[in-house]
Amino acid sequence: PAGLVVLASGTGSLLRALIEAAADTAYPARIRAVGVDRDCAAADHAAAAGIPVVRIPVGDYPDRAAWDRSLAESVAGYGPDLVVCAGFMKLLGPTFLDRFGGRIINTHPALLPAFPGAHGVRDALAYGVRVTGSTVHLVDAGVDTGPILAQEAVPVRADDDEPTLHERIKIVERRLLVDVVAAVATRGIVSDGRKAVIPDERVLR
Ligand code: GAR
């Protein structure tokens, strides 16, 4: 199976979905380690599942570049085939991207290129869109600008607030992320200009 390092900062429900998927021996990926930039529920879940946790807070380093190098070194120590950002709320730096570029997968709670950044759900609600959703994409140097691997729509309800809408999006995100990681682990990614395609993909579009 493919080796994963999962990066997280939050409650870790996406991480838990990956842990549960990888508990099935038929799943084509295993989580080798979880990296966090702060104390968070995601770190607790990983530890409880017996997965090594590396904690690398930005504030422990003199500057962002030193943090970036340290994160890249720590993650490289686990030799991952893929890095998965599952609610990781820091932008990855140039050293990390040099090392793992093309095999870093992120999930974002909006239909990119709409509503990138840290508040994808809030921004979509404020704009008044009737449909938003989940995007799983490759990470590049921009903010949520990398090639898209899969997307799925989630309708906005008239009475939605940020928590209710985010929760419905996360239900979709967990499934999409688990499916995309499995597909990429099995078949890889073919790049075509700014587009990325998982060969033979039938369900994922
Ligand atoms: C998810 O909705 C993920 O898309 C989002 O954080 C949430 C993490 O949920 N990520 C971003 O907004 C990145 N810009 P979780 O902590 O329950 O896994």
Side-chain angles (χ1 to χ4, degrees), residues 4-23 29 31 33-49 51 53-58 64 68 71 82-93 96-97 100 104-127 129 131-157 160-181 184 204:
L4 311 178
V5 170
V6 179
L7 302 179
S9 307
T11 60
S13 76
L14 298 167
L15 169 66
R16 265 181 294 156
L18 284 168
I19 291 173
E20 280 164 25
I31 303 171
V34 169
V36 298
D37 65 314
R38 61 189 79 170
D39 294 327
C40 57
D44 300 338
H45 286 302
I51 299 167
V53 177
V54 287
R55 185 177 166 281
I56 308 195
V58 173
R64 200 69 189 210
D68 176 35
L71 183 66
L82 294 171
V83 175
V84 179
C85 298
F88 189 61
M89 300 309 281
K90 288 278 181 298
L91 290 180
L92 297 169
F96 198 97
L97 292 170
F100 300 106
I104 311 169
I105 292 173
N106 181 47
T107 168
H108 182 75
L111 292 176
L112 294 171
F115 312 116
H119 305 292
V121 181
R122 188 188 307 172
D123 294 346
L125 268 178
Y127 195 93
V129 293
V131 177
T132 183
S134 161
T135 302
V136 179
H137 66 99
L138 284 176
V139 174
D140 67 8
V143 179
D144 299 324
T145 53
I148 289 168
L149 295 167
Q151 288 187 304
E152 194 169 311
V154 174
V156 180
R157 293 181 187 157
D160 264 330
D161 57 17
E162 190 178 352
T164 60
L165 179 56
H166 200 170
E167 203 37 64
R168 286 207 316 290
I169 292 172
K170 288 213 273 185
I171 290 168
V172 171
E173 282 192 282
R174 292 176 200 123
R175 174 170 42 76
L176 213 53
L177 182 64
V178 164
D179 288 354
V180 168
V181 167
V184 172
L204 304 169

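Given the structure is predicted, the values throughout are model-derived calculations rather than measurements. All ligand and atom numbering here is 1-based and tracks the order in the structure.
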Trainee: If only atom types and distance count, is the side chain of Asp161 paired as donor or acceptor with the main-chain N or O of Thr164 below 3.5 Å?
Mentor: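 Yes: the side chain of Asp161 pairs with the backbone of Thr164.
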
Trainee: I'd like to know if Glu162 and Lys170 make a salt bridge, using a cut-off of under 4.0 Å between side-chain N and carboxylate O.
Mentor: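 Salt bridge flag = no for Lys170 with Glu162.
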
Trainee: Between ligand 1 and the protein, find all N/O pairs closer than 3.5 Å and give the distance for each.
Mentor:
{"from": "ligand 1", "atom 1": "2 (O)", "to": "His166", "atom 2": "NE2", "distance (Å)": "2.7"}
{"from": "ligand 1", "atom 1": "2 (O)", "to": "Glu173", "atom 2": "OE1", "distance (Å)": "2.5"}
{"from": "ligand 1", "atom 1": "4 (O)", "to": "Thr107", "atom 2": "O", "distance (Å)": "3.1"}
{"from": "ligand 1", "atom 1": "4 (O)", "to": "Glu173", "atom 2": "OE1", "distance (Å)": "3.3"}
{"from": "ligand 1", "atom 1": "4 (O)", "to": "Glu173", "atom 2": "OE2", "distance (Å)": "2.4"}
{"from": "ligand 1", "atom 1": "9 (O)", "to": "Lys170", "atom 2": "NZ", "distance (Å)": "3.3"}
{"from": "ligand 1", "atom 1": "14 (N)", "to": "Gly117", "atom 2": "O", "distance (Å)": "3.4"}
{"from": "ligand 1", "atom 1": "16 (O)", "to": "Thr11", "atom 2": "N", "distance (Å)": "3.0"}
{"from": "ligand 1", "atom 1": "16 (O)", "to": "Thr11", "atom 2": "OG1", "distance (Å)": "3.0"}
{"from": "ligand 1", "atom 1": "16 (O)", "to": "Gly12", "atom 2": "N", "distance (Å)": "2.8"}
{"from": "ligand 1", "atom 1": "17 (O)", "to": "Thr11", "atom 2": "OG1", "distance (Å)": "2.7"}
{"from": "ligand 1", "atom 1": "17 (O)", "to": "Ser13", "atom 2": "N", "distance (Å)": "3.0"}
{"from": "ligand 1", "atom 1": "17 (O)", "to": "Ser13", "atom 2": "OG", "distance (Å)": "2.7"}
{"from": "ligand 1", "atom 1": "17 (O)", "to": "Lys170", "atom 2": "NZ", "distance (Å)": "2.7"}
{"from": "ligand 1", "atom 1": "18 (O)", "to": "Ser13", "atom 2": "N", "distance (Å)": "3.1"}
{"from": "ligand 1", "atom 1": "18 (O)", "to": "Leu14", "atom 2": "N", "distance (Å)": "2.9"}

Trainee: Phe88: what forms a ring pair (Phe, Tyr, Trp, His ring centres under 6.0 Å) with it, not counting sequence neighbours?
Mentor: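 So Phe88 forms no ring pair (Phe, Tyr, Trp, His ring centres under 6.0 Å) with any residue.
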
Trainee: Using the side chain to side chain donor-acceptor pair (under 3.5 Å) criterion, which residues pair with Arg157? Sequence neighbours excluded.
Mentor: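 For Arg157, no residue satisfies side chain to side chain donor-acceptor pair (under 3.5 Å) once neighbours in sequence are set aside.
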
Trainee: Looking only at atom types and distance, does a side-chain atom of His108 sit under 3.5 Å from a main-chain N or O of Phe115, one as donor and one as acceptor?
Mentor: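 Checked: pair present.
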
Trainee: Side-chain polar contacts of residues 134-142 - donor-acceptor pairs under 3.5 angstrom, sequence neighbours left out - could you list them?
Mentor:
{"from": "Thr135", "atom 1": "OG1", "to": "Ala110", "atom 2": "O", "distance (Å)": "2.6"}
{"from": "Thr135", "atom 1": "OG1", "to": "Leu112", "atom 2": "N", "distance (Å)": "3.0"}
{"from": "Thr135", "atom 1": "OG1", "to": "Gln151", "atom 2": "NE2", "distance (Å)": "2.9"}
{"from": "His137", "atom 1": "NE2", "to": "Asn106", "atom 2": "ND2", "distance (Å)": "3.0"}
{"from": "Asp140", "atom 1": "OD1", "to": "Gly142", "atom 2": "N", "distance (Å)": "3.0"}
{"from": "Asp140", "atom 1": "OD1", "to": "Thr145", "atom 2": "OG1", "distance (Å)": "2.6"}
{"from": "Asp140", "atom 1": "OD2", "to": "Thr145", "atom 2": "OG1", "distance (Å)": "3.3"}

